[in-house]
Student: 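Just dropping this structure here.
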Amino acid sequence: MKVCIYGAGAIGGYVGVQLKRAGVDVSLVARGPHLEAMKANGLKLIIDGEERVEHIACSDNPADLGPQDYVIVALKGHSVPGVVDAMQPLLGNDTAVVTAVNGVPYWYYYKHGDQLEGTTLESVDPGGKQWKGLRPERAIGCIVYPATEVVAPGVIQHVYGDKFPLGEPSGEITERVTKLSEAFAAGGLRAPVMPNIRDELWLKLWGNLCFNPISALTHATLDTIASDPGTRAVAKSMMLEAQEIAVQSGVNFRVGVERRIDGAGAVGAHKTSMLQDLERSRAMEIDPLVTVVQEMGRLAGIPTPTIDIVLALVRQRAQIAGCYS
Ligand SMILES: NC(=O)C1=CN([C@@H]2O[C@H](COP(=O)(O)OP(=O)(O)OC[C@H]3O[C@@H](n4cnc5c(N)ncnc54)[C@H](OP(=O)(O)O)[C@@H]3O)[C@@H](O)[C@H]2O)C=CC1
Ligand SMILES: CC(C)(CO)C(=O)C(=O)O
């Protein structure tokens, strides 16, 4: 099985080391000092008090790596449209594209089965570039629950978690998704195949939608946002608006809003990725996590007043910091 991880940063690097240890023919697309460090010294994963170093084929030129069975896209959501052309040499006739990216992926309305079937979302897939260039038939959904960090070029620190639920947009249990799940499991990563990956997607997005922008505005950690009555109320209001949009399109939430907020709070004094990006002057994932829910609300005719307010504020905060344009 040939697997290329496109964007071997915090999450892609973690998955890459674990798949390599499972004997998968894995390669990485990366860039800059991180790529140079991996070429020189291998990729180091620090996990459970142990250092695991793997020497994995890596390049900033996908043409060096050739067609794959699976391409796991582990970029920030806003970076994906920009790599569609560069990704082409990795795509053979049967290559699957696995979206290990927070937020709503380009394939969302593929095999969706209602009047929005085939719709592309401008906030995540401007001009339908991914839909046309990667194609929805290739897509396998992947939800990322673990937390990891690039602590130095070539070095990934695992923080918590090992779960990456997978699923076909159609909900079918195909051979390709089953084989991928088995490869993840062989690498010590729990990757159950879900019959409705959109349910799982919304459960994760529910948190990112509100905690990420609120943290970027307040600089608070998850425990504080969840326990302060004011920010908890803002988060809850955003989540209820999102829930109405998702439920209208057939999504089932297996936990309630209060339990979901409590679960995020229990993670503790953790800074969301959006706050970390702001503090490091990196592009913030606002469109794939927040703007997209506003866009989906408009498509569904459901108002999103609290999301609209928080989105306006976080966009301005990010623009002033040079982290969003
Ligand atoms: N890290 C975490 O704990 C979690 C992350 N996620 C989600 O997972 C996804 C990936 O996040 P994460 O791993 O943290 O992100 P990272 O920024 O750590 O990893 C992405 C990597 O892709 C590289 N990259 C970007 N563009 C290109 C390009 N054109 N060519 C080659 N390499 C490129 C980046 O390089 P450069 O640094 O130079 O930009 C970076 O090394 C996101 O959607 C995130 O929200 C979800 C849950 C937790
Ligand atoms: C920690 C968590 C779950 C916050 O919503 C996250 O996914 C992120 O930081 O992006």
Side-chain angles (χ1 to χ4, degrees), residues 4-16 27-38 43 58-62 64-65 71-87 90 98-105 124 142-165 201 203-216 220-223 225-226 235 238-239 260-261 263-290 292 323:
C4 177
I5 299 177
Y6 207 115
I11 291 297
Y14 169 42
V15 173
S27 59
L28 311 173
V29 177
R31 67 183 180 186
H34 184 56
L35 172 63
E36 294 316 314
M38 290 194 288
L43 175 56
C58 49
S59 178
D60 54 6
N61 179 8
D64 293 344
L65 307 171
V71 176
I72 300 178
V73 181
L75 297 158
K76 293 291 177 104
H78 49 251
S79 303
V80 187
V83 304
V84 171
D85 293 337
M87 209 183 283
L90 301 172
V98 183
T99 48
V101 178
N102 267 347
V104 179
V124 288
C142 175
I143 312 305
V144 180
Y145 280 113
T148 56
E149 208 180 319
V150 178
V151 287
V155 184
I156 313 289
Q157 172 77 57
H158 176 264
V159 183
Y160 63 78
D162 60 4
K163 199 169 168 197
F164 294 85
L201 189 154
L203 203 53
K204 180 79 207 293
L205 177 59
W206 228 13
N208 291 132
L209 162 75
C210 56
F211 288 112
N212 292 34
I214 293 172
S215 71
T221 50
L222 289 173
D223 49 351
I225 297 169
M238 295 174 80
M239 289 166 83
R260 180 67 179 82
I261 298 175
V267 172
H270 178 72
K271 289 183 182 178
T272 71
S273 55
M274 197 178 278
L275 174 55
Q276 292 180 37
D277 287 339
L278 175 64
E279 289 182 343
R280 292 171 192 176
S281 301
R282 292 192 311 221
M284 287 156 67
E285 245 177 340
I286 294 175
D287 290 337
L289 304 184
V290 191
V292 69
C323 300

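In each ligand, atom 1 is the first atom listed, and ligand 1 is the first ligand listed.
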Student: Would you mind checking which non-hydrogen protein atom is closest to atom 40 (C) of ligand 1, with the distance to 0.1 Å?
Tutor: G9 CA, 4.1 Å
Student: Looking only at side chains, do N61 and S59 share a donor and an acceptor under 3.5 Å apart?
Tutor: no
Student: Quick one: nearest non-hydrogen protein atom to atom 17 (O) of ligand 1, plus distance?
Tutor: K76 CE, 4.0 Å
Student: Name the closest protein heavy atom to atom 6 (N) of ligand 1, giving the residue it belongs to and the distance to 0.1 Å.
Tutor: N102 ND2, 3.6 Å
Student: Where do L65 and L28 come nearest, in terms of heavy atoms and distance?
Tutor: CD1-O, 3.8 Å
Student: Closest non-hydrogen protein atom to atom 29 (N) of ligand 1, residue and atom name please, with distance?
Tutor: V83 CG1, 3.5 Å
Student: What distance do T99 atom OG1 and L75 atom CG have between them, rounded to the nearest 0.5 Å?
Tutor: 11.5 Å
Student: Does an N or O anywhere in N208 fall below 3.5 Å from an N or O of ligand 2?
Tutor: yes
Student: Please report whether atom 19 (O) of ligand 1 has a protein non-hydrogen atom at a separation of less than 4.0 Å.
Tutor: yes
Student: Once rounded to the nearest 0.5 Å, what's the spacing between atom CG of L90 and atom CG of D64?
Tutor: 10.0 Å
Student: Please report the shortest heavy-atom distance between E285 and M274, naming the atom on each side.
Tutor: O-CE, 3.5 Å
Student: Taking 4.0 angstrom as the limit and counting only heavy atoms of H270, give me the atoms of ligand 2 inside it, by number and element.
Tutor: 1 (C)
Student: A side-chain contact here means heavy atoms from C-beta on lying under 4.5 Å apart; do F164 and I143 qualify?
Tutor: no
Student: To check your reading of the model: name the closest protein heavy atom to atom 13 (O) of ligand 1, its residue, and the distance in Å.
Tutor: I11 N, 2.8 Å
Student: Any idea which part of P288 is under 4.0 Å from ligand 1, heavy-atom wise: side chain, backbone, both or neither?
Tutor: neither
Student: Based purely on interatomic distance, does T272 place a nitrogen or oxygen under 3.5 Å from a nitrogen or oxygen of ligand 2?
Tutor: no
Student: Nearest heavy atom to atom 2 (C) of ligand 1 wins, so pick from L75, V101, T148.
Tutor: T148
Student: Nearest protein heavy-atom contact for atom 35 (O) of ligand 1: which residue, which atom, what distance?
Tutor: R31 NE, 3.5 Å
Student: Which residues pass the salt bridge (charged side-chain N to carboxylate O under 4.0 Å, His left out) test with E36, not counting sequence neighbours?
Tutor: none
Student: Does A74 have a heavy atom less than 4.0 Å from any atom of ligand 1?
Tutor: yes
Student: Looking only at protein heavy atoms, which one is nearest to atom 4 (C) of ligand 2, and how far off is it?
Tutor: N212 OD1, 3.3 Å
Student: For the pair D162 and Y14, evaluate side-chain contact (heavy atoms from CB on, under 4.5 Å) and give the outcome as yes or no after the intermediate values.
Tutor: CA-CA 10 Å; D162 60 4; Y14 169 42; 3.6 Å; yes
Student: Among protein heavy atoms, which sits nearest to atom 14 (O) of ligand 1, and what does the distance come to when rounded to 0.1 Å?
Tutor: A10 CB, 3.6 Å
Student: Of the side chain and backbone of V144, name the one, both, or neither that has a heavy atom under 4.0 Å from an atom of ligand 2.
Tutor: neither
Student: Classify the contact between N102 and ligand 2 as side chain, backbone, both or neither, using a heavy-atom distance cut-off of under 4.0 Å.
Tutor: side chain
Student: Give the atom numbers and elements of ligand 2 that come within less than 4.0 Å of a heavy atom of G207.
Tutor: 5 (O)
Student: Looking only at N/O atoms, are K204 and ligand 2 under 3.5 Å apart anywhere?
Tutor: yes
Student: Could you measure the distance from the CD1 atom of I286 to the SG atom of C323? Nearest 0.5 Å is fine.
Tutor: 8.0 Å
Student: Assess K204 for proximity to ligand 1: is some non-hydrogen atom of it under 4.0 Å away?
Tutor: yes
Student: Non-hydrogen atoms of A100 versus ligand 1: any pair closer than 4.0 Å?
Tutor: yes
Student: Show every donor-acceptor pair shorter than 3.5 Å between a side-chain atom in residues 145-158 and any protein atom, with sequence neighbours excluded, or say none if there are none.
Tutor:
{"residue": "Y145", "atom": "OH", "partner": "E200", "partner atom": "OE2", "Å": "3.0"}
{"residue": "T148", "atom": "OG1", "partner": "A10", "partner atom": "O", "Å": "2.9"}
{"residue": "T148", "atom": "OG1", "partner": "I11", "partner atom": "N", "Å": "3.4"}
{"residue": "E149", "atom": "OE2", "partner": "R280", "partner atom": "NH2", "Å": "2.8"}
{"residue": "H158", "atom": "NE2", "partner": "G161", "partner atom": "O", "Å": "2.6"}

Student: Looking at M238 and C210, what are the two nearest heavy atoms and their distance?
Tutor: SD-CB, 3.6 Å
Student: Give the residue, atom name and distance (to 0.1 Å) of the protein heavy atom nearest atom 42 (C) of ligand 1.
Tutor: E285 OE2, 3.3 Å
Student: Mark yes or no for whether K204, through its side chain, and N102, through its backbone, hold a donor-acceptor pair below 3.5 Å.
Tutor: no
Student: Considering the heavy atoms of A147, write down every atom of ligand 1 situated less than 4.0 Å from one of them.
Tutor: 3 (O)
Student: List the steps, then state whether side-chain contact (heavy atoms from CB on, under 4.5 Å) holds for D287 with H78.
Tutor: CA-CA 7 Å; D287 290 337; H78 49 251; 5.9 Å; no
Student: Where do F211 and I261 come nearest, in terms of heavy atoms and distance?
Tutor: CZ-CG2, 3.9 Å
Student: Does some non-hydrogen atom of A86 fall short of 4.0 Å from ligand 1?
Tutor: no
Student: Which atom pair, heavy atoms only, marks the closest approach of I5 to A74?
Tutor: CG2-CB, 4.3 Å
Student: Give me the residue, atom name and distance of the protein heavy atom closest to atom 10 (O) of ligand 2.
Tutor: S273 OG, 2.6 Å
